[in-house]
Amino acid sequence: MKSKSVLIVEDNDLNRRFFENLVGQIWSYESALNGKEAIEKAGQKNYDLILMDIQMPEIDGIHALKKIRSQGKNLCPIIAVTAFADENDRSAFLQEGFDDFITKPIRPKEFLEKIKRALEDKAIDKDTNTNKLIIKEVIFDKSVFEQLSKYNKPETIRKIYEDFLEETLSLLKDCYETIKEGNPSEVIKQVHIIKGNAGTLGINLVYLAAAKTEDFGRNGDFEKMKESLDQLQKEIESFEQYFKEEIIFKP
Ligand code: MN
């Protein structure tokens, strides 16, 4: 029986489905698409654990946490799920009141172990997972596929990657259109989503190119950002080709 209930708070659709898929293998869960929804849900029900994304529009994870704690209802552990780029001040998350943190891109095994530990109310080892995940310069990290295979049927995994490609191609198209419209700062948002998805799925060269593009954008270097976007497009096309040819993705 799935006796423990987890609230998943995540605004990125692919990541949320990914978390639901993993958590749902073992526990029951509900989801919130943003901080506001999380506060509402946590005000109505006691969960055993809350997974809280940090970067969300309007009410971010830190504000949602404070609000939930001030409502005084949910005393369960709240784990921050933070993007790779937010890592510079991890201790800040603990100081803000989170019980633990998981860094994105997440890896299924580590992710589930951390949740399990928190649910079992074991002492949280705050020193674990403090090393930055090394993103190898490979087109695809097959260990992600292997880990996913433990929890999913091959068709399900194939579908996740198909959806990724479909969404990514559409986001990329949006990027080029917003640049044409003279709004390069909008590109950062789209590229941020591509980065998050690619990181989660182990599509490393796309992840690295997206991270670079996002960094140029955030630093206001829009010329370099455009060049980097072309590189990102190439990496996406390469992965598309790889997906078509690679044996592990064959139906
Ligand atoms: Mn987010």
Side-chain angles (χ1 to χ4, degrees), residues 6-24 29-42 47 49-69 77-90 92-94 96-108 110-112 114-115 129 132-133 135 144 160 163-164 166-168 170-172 174-175 178 185-204 206-215 217-218 232:
V6 177
L7 179 65
I8 298 167
V9 188
E10 169 66 63
D11 65 318
N12 175 305
D13 290 334
L14 186 141
N15 273 347
R16 194 175 56 253
R17 275 190 293 144
F18 195 79
F19 297 165
E20 288 169 354
N21 179 291
L22 292 172
V23 170
Y29 68 84
E30 285 175 34
S31 298
L33 278 58
N34 51 54
K36 190 168 168 275
E37 235 183 84
I39 293 163
E40 280 164 15
K41 291 206 162 181
Y47 295 92
L49 179 77
I50 299 175
L51 291 174
M52 181 73 79
D53 180 31
I54 295 299
Q55 283 190 312
M56 294 186 288
E58 289 166 64
I59 301 177
D60 66 23
I62 293 170
H63 286 93
L65 164 97
K66 295 206 162 138
K67 187 76 189 158
I68 289 168
R69 289 299 191 219
I78 302 182
I79 299 183
V81 186
T82 77
F84 200 49
D86 307 332
E87 271 192 278
N88 44 14
D89 206 357
R90 294 158 159 279
F93 289 114
L94 303 177
E96 295 284 2
F98 286 101
D99 296 280
D100 201 353
F101 50 78
I102 296 173
T103 50
K104 288 196 268 195
I106 65 123
R107 292 294 173 253
E110 207 179 44
F111 180 73
L112 290 172
K114 201 152 247 208
I115 295 172
N129 192 22
K132 275 195 174 186
L133 180 65
I135 305 292
V144 175
I160 292 172
D163 289 352
F164 164 79
E166 196 185 315
E167 188 188 3
T168 302
S170 144
L171 285 166
L172 189 69
D174 292 348
C175 285
T178 42
S185 59
E186 268 296 303
V187 173
I188 298 167
K189 287 185 201 159
Q190 331 272 16
V191 172
H192 181 77
I193 299 172
I194 296 176
K195 182 186 82 171
N197 294 346
T200 299
L201 297 178
I203 306 165
N204 289 8
V206 172
Y207 171 86
L208 292 168
K212 210 167 154 191
T213 311
E214 187 184 355
D215 284 349
R218 289 198 193 280
L232 175 60

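Note that ligands are numbered from 1 as they come in the structure, with each ligand's atoms numbered from 1 the same way. Only heavy atoms go into these numbers, but all of them, side chains included; no hydrogens, no water, no symmetry mates.
Considering just the N/O/S atoms of Asp11, the one nearest the Mn ion (ligand 1) carries the name OD1. Looking only at N/O/S atoms, Asp53 comes nearest to the Mn ion (ligand 1) through OD2.
Between the Mn ion (ligand 1) and Gln55 there is an N/O/S contact shorter than 2.8 Å.
Remark: side-chain polar atoms of Lys114 are paired, donor with acceptor, to backbone N or O of Phe101 under 3.5 angstrom.
Side chains of Glu58 and Asn34: a donor-acceptor N/O pair is absent below 3.5 angstrom, by distance only. Judged purely by distance below 3.5 Å, without hydrogens or angles, the side chains of Ser31 and Glu20 pair a donor atom with an acceptor atom.
Exactly one residue among Ile62, Ile79, Ile68 makes a side chain to side chain contact (heavy atoms under 4.5 Å, CB included) with Met52. That residue is Ile68.
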